[in-house]
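Accompanying notes for the structure given below.
Here is the naming used below: chain letters follow the sequence lines, and residue numbers restart at 1 for every chain. When reading the values below, keep in mind they use all heavy atoms of this one structure, side chains included, and skip hydrogens, waters and symmetry mates.
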Amino acid sequence: MTLDALLPLAVVLTSLLPGIAIFWLAERDTRLRTTLNLSAAIAKLALVVVIGRGVLAGEIFETRLPFVPGADLVLRADSLSLLFVSLSAVLWLVTTVYAVGYLEGSPHRSRFFGFFSISVASTMGVALAGNLLTFFVFYETLTLSTYPLVVHRGTPEAVRAGDLYLRYTLSGGVLLLTGTAILYAAAGSIEFTAGGVLGELAGRRGLLIAAFALLIAGLGVKAALIPLHTWLPVAMVAPAPVSALLHAVAVVKAGAFGITRVIYDVYGIRLADRLGVTSVLAVVAAATILYGSLKALAQDDLKRRLAYSTVSQVSFIVLGVTVVGKLLTIGGIAHLVHQGLMKITLFFCAGNLAEELGIHGVRELRGAGRRMPLTMIAFTLASLGMIGIPPLAGFVTKWYLGAGAVEVGSSWVIAVLIASSLLNAAYLLPIVRDAWFGEPSAPWPARKGRFEVGLWLLLPTIVTAAASVGVGLFAATKLSPLAMAALIAEREIHP
Amino acid sequence: MTGAIGWAILIPLGGALLAAAAGERASRWIAALAAAATTCAAIGVAASVARHGPSRHPAGGWLAPLGIELRADGLAATMLLTIAAVAGLVAAHALADRSRAAACARSCPLWLFTWAALDALVVSGDIFNLYVTLELATLAAVGLVADGEGPDAPRAALRYLLFALPGSLLYLLGVALIYGEHGALDPATLGAHVGASAPDTAAMALMTAGLCLKAALFPLHAWPVLAYTRASPVAGALLAGLVGKAAFLVLVRLWLEVYPATFTSAAGPVLGTLAAGAILWGSLHALWQPRLRAVIAYSSVAHTGYLFMWFALGTRDALAGALFVVMSHAAASASMFLATGAIARALGHDRVEGLTGLAHRLPIPFFALALAGTSAMAMPPSSGFVGKWLLVRAAFETGHRLWAAVMLIGGLLAAAYVFRLLRRAFLPRPAGEPIAITRSSGGHAALALALVAIALGLAPGLALDLLRGGSAP
């Protein structure tokens with residue numbers, strides 16, 4: 001095995017091994033733990049850069065380990081996995097910085113960071129999985145390693161949220177396993193291949209449709225498609241870095257990414273279209289977009305409002321990859337990154353507000369802009385991006401989705417886009433307005449340090465906000481997520 | 001007897017006799033040495049099989065069909081290693097416990113004897129020898145149960161014996177019938193002659209029924225559950241982890257080498273139905289047991305179902321899956337019993353509600369319980385997942401969708417009963433209880449066993465290659 005062939009495995013191990021090591025560190029070894037965490041995250045970024053250069057030049061890196069009869073454990077870096085890996089690797093670094101600041105002085109940090117790293121390792125596995133079984137293995141380890149994070153606070157409320165989380169994700173896992181086993185039994189190994197691998201089974205319509213339904217239902221739980229989304233708002237009891245992980249880095253993304261893989265690399269968009277399954281999924285995605293936005297409007301708790309916003313936003317990815325059309329594909333895949341950057345910024349801001357000012361409800365934000373200007377600028381930029389104001393990230397996505405819809409003549413997609421943008425504005429703009437122009441009901445507590453909030457919390461917020469602006473402003477450059485998405489669409493989906 | 005294969009039986013047997021005769025201190029040393037040497041012998045057999053393929057060793061120079069023949073094939077080698085890993089770590093747990101030196105000295109001849117009987121069983125070549133070794137394992141197990149804690153241990157042991165006896169009688173009756181018909185006991189001869197005649201069919205039905213009873217297959221599972229909940233942690237680990245699998249392994253040998261296709265195709269669906277019953281019944285009962293040991297006992301009932309599912313599926317991959325479940329559950333259930341022992345010792349009881357806040361109070365036993373639980377609910381990356389994946393895929397391949405569904409639902413139920421235990425551990429500890437009970441709660445062997453169950457799932461190729469290295473699967 002050459003060194004190149006070990007790179008994908010190294011990407012997984014750079015968070016798995018530190019995760020295992022961290023469990024054994026004493027609670028008070030803060031400095032050692034942080035050093036270990038950050039150096040691992042930086043090492044991973046370096047690896048991703050190396051892989052990225054190769055992949056952009058047309059190379060493919062593959063680690064293949066023997067697993068069970070008929071299926072290897074395959075980690076492969078192609079352009080689609082590179083996009084997800086880069087996103088998660090970057091966000092892991094900023095979220096780790098944020099988490100170190102957020103959890104300062106709280107109990108059980110070794111356990112927290114241990115499971116946090118293992119969650120990221122699982123996400124890397126999900127991103128790099130080269131066949132359906134490998135994907136399933138990491139998809140399930142992601143469930144197991146995020147559960148302790150969801151219940152981290154150990155309150156009865158957190159444990160109840162954990163119960164709901166498990167009930168949904170484990171049931172989803174069983175559905176995914178069923179669909180996977182059916183396909184493996186019928187077709188042998190299911191290696192992810194551009195254009196799909198099920199051509200031989202095209203005659204067995206019933207089997208293909210049943211397996212598709214099972215796979216998508218299993219993935220839809222994590223992607224929070226209605227009616228499988230209820231766990232996500234409840235899981236908001238977890239600490240802010242965990243919400244960031246669930247919403248932007250790992251869990252929800254793993255579901256959306258899996259749907260992308262199933263449609264493009266297992267079935268192939270043409271076969272899926274012929275079976276008629278994508279149009280059903282597109283309707284579910286559209287319904288999720290609208291329903292999530294409507295529910296967000298009704299939430300008074302800031303984090304719950306953001307959670308329903310995720311429900312809605314992630315389905316843009318699903319919508320983009322289910323409707324046939326190159327521009328739609330580009331929009332959907334680019335949104336995987338765009339949504340991640342914007343949403344993590346919003347959750348960091350919510351965490352800052354809760355940490356510094358004890359704010360949890362959307363009505364308590366009046367005047368927060370003057371007390372925490374940088375946080376609220378970040379919040380405002382991410383909100384405007386979500387709504388789709390040019391030239392921010394959300395606008396780029398929606399533009400491509402809209403243009404794609406025009407291209408293929410699906411005018412109903414445009415109607416969904418417009419309605420959701422209006423709803424996004426309706427649930428985000430009042431918060432922004434109140435924060436800048438409202439009057440606080442009581443004077444804010446005095447600053448604890450030199451900055452409006454601890455530097456470990458403030459810096460990641462600024463970085464992700466800047467990034468979410470940057471990916472929109474510089475969307476036309478060669479290394480932007482949009483350019484990557486276009487490359488993926490060009491190379492692997494619509495050649 | 002030739003080479004390591006004989007030593008794998010003789011060393012623990014001799015160790016058991018010496019330890020029984022020696023004094024308290026000496027017996028523990030003897031037990032430790034015997035455990036280490038037996039493990040080496042098992043590794044020797046496995047290495048030889050991996051390198052040179054399967055081999056046969058006539059005991060005392062007599063060849064089949066007259067003599068006693070020992071066989072080292074892939075199945076035997078894999079099981080010898082499994083027994084060595086589980087029994088060895090259980091032994092380490094028992095011997096490391098200095099506070100109960102006297103009890104340990106009393107019980108170590110028993111577990112060495114169990115070890116010898118199980119080793120002999122997996123290398124036995126003919127159907128009568130299989131009977132003898134199965135009986136020896138059962139008798140040793142009765143002794144282990146009787147040695148348990150609490151006043152009703154002897155009663156549980158008696159019950160165990162009373163239920164195991166009819167199983168042995170049925171099997172022996174079948175062996176006698178077959179011997180009367182064909183005048184042979186070795187599988188090679190029998191495989192060529194046993195057919196669909198009435199006496200043959202009756203004999204095979206009797207032997208199969210007897211083995212199902214001995215394996216405690218649903219609906220005849222009540223007696224080991226009682227025994228597991230009364231036995232000491234060490235005994236529970238050996239019984240649920242190893243002795244409970246012995247009858248299944250015997251039946252696998254018969255199925256592969258003796259039974260004709262006419263019989264297996266008729267009996268397969270029957271066993272599949274019982275297996276499905278075991279999976280659902282065992283998992284559902286595990287859901288509401290108030291005590292940890294009872295949860296693990298019912299989990300074992302369910303896992304017996306996964307093993308017997310192979311008889312309904314019949315493919316090579318499915319057999320690899322079932323044997324993987326044997327290995328995985330041997331390590332995982334032994335780990336859970338030892339972890340339960342550590343928890344019960346610290347808390348004074350093993351009630352499920354006592355687990356509240358345990359994640360920080362007893363981190364090592366808790367971690368062992370969580371990892372072994374991952375394997376019990378067949379979640380990746382554990383060995384339990386590999387076994388279940390092979391079984392479920394085989395079920396879809398052979399068109400047994402119902403059985404696939406039962407196994408998948410069983411996995412979900414297992415997740416429910418495992419997380420019912422784990423979730424409590426994250427809750428705040430009860431008011432007034434100390435934060436950490438003790439640093440050395442004695443769960444290290446449990447953790448090691450749980451890691452074995454996980455490691456097997458990370459690199460299943462090693463075990464699968466060894467299994468294939470022999471002729472059996």
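Residues A/Val174 and B/Leu412 approach most closely at CG2-CD1, 3.5 Å, considering heavy atoms. When all heavy atoms of B/Pro380 and A/Phe136 are compared, the closest pair comes out as CG-CE2, 4.1 Å. Here the closest non-hydrogen pair linking B/Leu427 and A/Pro156 is CD2-CA, 3.9 Å.
Using a 4.5 Å cut-off between heavy atoms, A/Leu144 touches chain B through its side chain atoms alone. Both the backbone and the side chain of B/Phe426 come within contact range of chain A, with heavy atoms under 4.5 Å apart. With a 4.5 Å cut-off on non-hydrogen atoms, A/Leu170 touches chain B through its backbone and its side chain both. If you measure heavy-atom distances from B/Phe324 to chain A, you find no contacts under 4.5 Å at all. Of the atoms belonging to A/Arg167, not a single heavy atom falls under 4.5 Å from chain B. With a 4.5 Å cut-off on non-hydrogen atoms, B/Thr398 does not touch chain A at all. Contacts of A/His108 with chain B are made by side-chain atoms alone, with heavy-atom separations under 4.5 Å and no backbone atom involved. Only the side chain of B/Leu464 comes within less than 4.5 Å of a heavy atom in chain A; its backbone stays farther off. Of the two parts of B/Leu408, the backbone and the side chain both hold a non-hydrogen atom closer than 4.5 Å to a non-hydrogen atom of chain A. Only the side chain of A/Tyr147 comes within contact range of chain B, with heavy atoms under 4.5 Å apart.
With contacts defined as side-chain heavy-atom distances shorter than 4.5 Å, the pair A/Pro69/B/Arg316 does not qualify. In this structure, the side chains of A/Val151 and B/Arg423 stay at 4.5 Å or more apart for every pair of heavy atoms. B/Arg393 places none of its side-chain heavy atoms less than 4.5 Å from the side chain of A/Leu133.
Here CG of A/Leu177 is found 6.5 Å from CH2 of B/Trp389. Values are rounded to the nearest 0.5 Å. Distance check, rounded to the nearest 0.5 Å: OG1 of A/Thr180 to CZ of B/Phe396 gives 10.0 Å.
Heavy atoms from other residues, nucleotides or ligands lying under 6.0 Å from CD of A/Glu27 number more than 12.
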